[in-house]
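Shown next, in structure tokens, is the structure this report addresses.
Along the sequence shown, residues carry numbers from 1. Just so we're clear, the structure is a prediction, and the values are computed from it rather than from any experiment.
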Amino acid sequence: MCFPAVGYTTSGLCPGSGVLSLALPNGLRTTYEPVRPLVAEGEEVTAGQVVAVLTEGSHCPEPCLHWGLLSGEAYLNPLTLLARPTPRLLPGPGTDPGTVPTAAAGAR
């Protein structure tokens, strides 16, 4: 598992639990489980650094990663850390994907 940011530090490994917690500079904390951490508590991590390896969990039939985001003890949606995708219109069925529709072509 590669860490996507720069200058973040580990805030606490839970020995034997398969959980890695990383403190963000903005005061938030991300958690990852079930993993085998590859970093020590207090170690600074950088963007792209491999910080953990996914391990088998106890309830998923296939490997799965549980990703959390906390502010203090309050859980937040970790998806808010990701860049929002840019919507893009695709050509409709039967249209040539090599052509760019114009406003005039659609007006009748």
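- Taking CH2 of Trp67 as the start and CG of Leu82 as the end, the distance is 4.0 Å to the nearest 0.5 Å.
- Checking Val45, Val53, Leu20 one by one against Leu38, the side-chain contact (heavy atoms from CB on, under 4.5 Å) holds for a single residue, Val53.
- No donor-acceptor contact under 3.5 angstrom links the side chains of Arg36 and Thr55, judged on distance only.
- Nearest heavy atoms, Leu54 versus Pro63: CD2-CB, 3.8 Å.
- Both Leu81 and Val51 are part of a single hydrophobic cluster, where members link through side-chain heavy atoms under 4.5 Å apart.
- When hydrophobic clusters are built by joining Ile, Leu, Val, Met, Phe, Trp and Tyr residues whose side-chain heavy atoms come closer than 4.5 Å, directly or via intermediates, Leu79 is not grouped with Tyr75.
- The nearest pair of heavy atoms linking Glu44 to Gln49 is O-OE1, 3.9 Å.
- Counting all heavy atoms, side chain and backbone alike, Gly72 lies closest to Arg29 at O-NH1, 3.6 Å.
- Contact record, Pro34 with Cys64: CD-O, 3.3 Å, taken as the closest heavy-atom pair.
- Listed by chain and residue number, Leu24, Asn26, Leu69, Ser71, Leu76 satisfy the side chain to side chain contact (heavy atoms under 4.5 Å, CB included) test with Leu28 (two or more places apart in sequence, or in another chain).
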